[in-house]
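Both backbone and side-chain heavy atoms feed into the values below; hydrogens, waters and symmetry mates do not.
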Amino acid sequence: MVYGILAGNKVHLSEIARSLKENITLKKTIDRLSRNLNAFDDKDSLMHNYLTLIKRHVKDDYAVIIIDNSDIAKPTSKKLESLSKNFTPKCVRTLDRGFDANDYYRYFLKRGERHG
């Protein structure tokens with residue numbers, strides 16, 4: 001998967017499969033990649049490693065975290081709890097126009113987080 005992503009510079013499964021240039025049908029490659037992704041069960045470790053890597057590049061005093069409406073729709077961030085848990089309150093959270101309800105501001109203010 002990683003080689004396919006890097007070689008094709010795309011994250012769509014069909015594009016990853018194409019970049020592998022295997023001697024089997026594209027459908028078989030896509031099916032195999034899909035099965036392997038479905039069977040992957042080390043998501044927590046992957047997320048931990050990813051956040052560790054990202055945090056090395058985040059400078060709390062001037063980091064800006066951009067939140068848009070699509071973030072709320074993701075099952076793992078319905079309450080944006082990962083922002084509080086993984087990044088300090090010093091990081092500025094910026095919100096799209098869809099977030100102008102006071103509930104969001106209260107959420108961040110209650111946790112001592114900066115927003116703009």
Exercise. Count the heavy atoms of every other residue, nucleotide or ligand shown that sit under 6.0 Å from OH of Y3, and state whether that count exceeds 12.
Key: no
Quiz item: Which heavy atom in A17 sits nearest to a heavy atom in L26, and how many Å separate them?
Solution: CB-CD1, 3.6 Å
Self-check item: Donor-acceptor under 3.5 Å (T52 side chain, H48 main chain)
Solution: yes
Exercise. State whether the number of non-hydrogen atoms from other residues, nucleotides or ligands found under 6.0 Å of N9 atom CG is greater than 12.
Key: no
Exercise. Answer yes or no: is there a side-chain heavy-atom contact under 4.5 Å between I5 and K10?
Key: no
Quiz item: Checking side chain to side chain contact (heavy atoms under 4.5 Å, CB included) for the pair I24/R32: CA distance, chi angles, key distance, verdict?
Solution: CA-CA 11 Å; I24 59 176; R32 187 189 77 247; 4.0 Å; yes
Self-check item: Non-hydrogen atoms of I16 and L33 that approach each other most closely
Solution: CG2-CD1, 4.0 Å
Quiz item: Can you tell which of V58, L46, N86 makes a side-chain contact (heavy atoms from CB on, under 4.5 Å) with L51?
Solution: N86
Quiz item: Stepwise, does the side chain to side chain contact (heavy atoms under 4.5 Å, CB included) test hold for M1 with L37?
Solution: CA-CA 9 Å; M1 288 296 292; L37 277 174; 3.6 Å; yes
Self-check item: D31 with R35: basic N within carboxylate O range, under 4.0 Å
Solution: no
Quiz item: Got a sec, which pairs hit salt bridge (charged side-chain N to carboxylate O under 4.0 Å, His left out) with one end in residues 38-47, sequence neighbours left out?
Solution: none
Self-check item: Exceeds 12 heavy-atom contacts within 6.0 angstrom, atom NZ of K55
Solution: yes
Quiz item: Is it true that L20 and V11 fall in one hydrophobic cluster, defined by side-chain heavy atoms closer than 4.5 Å?
Solution: yes
Practice problem: Check the pair S34 / L13 against side chain to side chain contact (heavy atoms under 4.5 Å, CB included), numbers first and verdict last. | Solution: CA-CA 8 Å; S34 181; L13 207 53; 3.9 Å; yes
Quiz prompt | Nearest heavy-atom neighbours spanning G4 and S19 | solution = O-OG, 2.8 Å
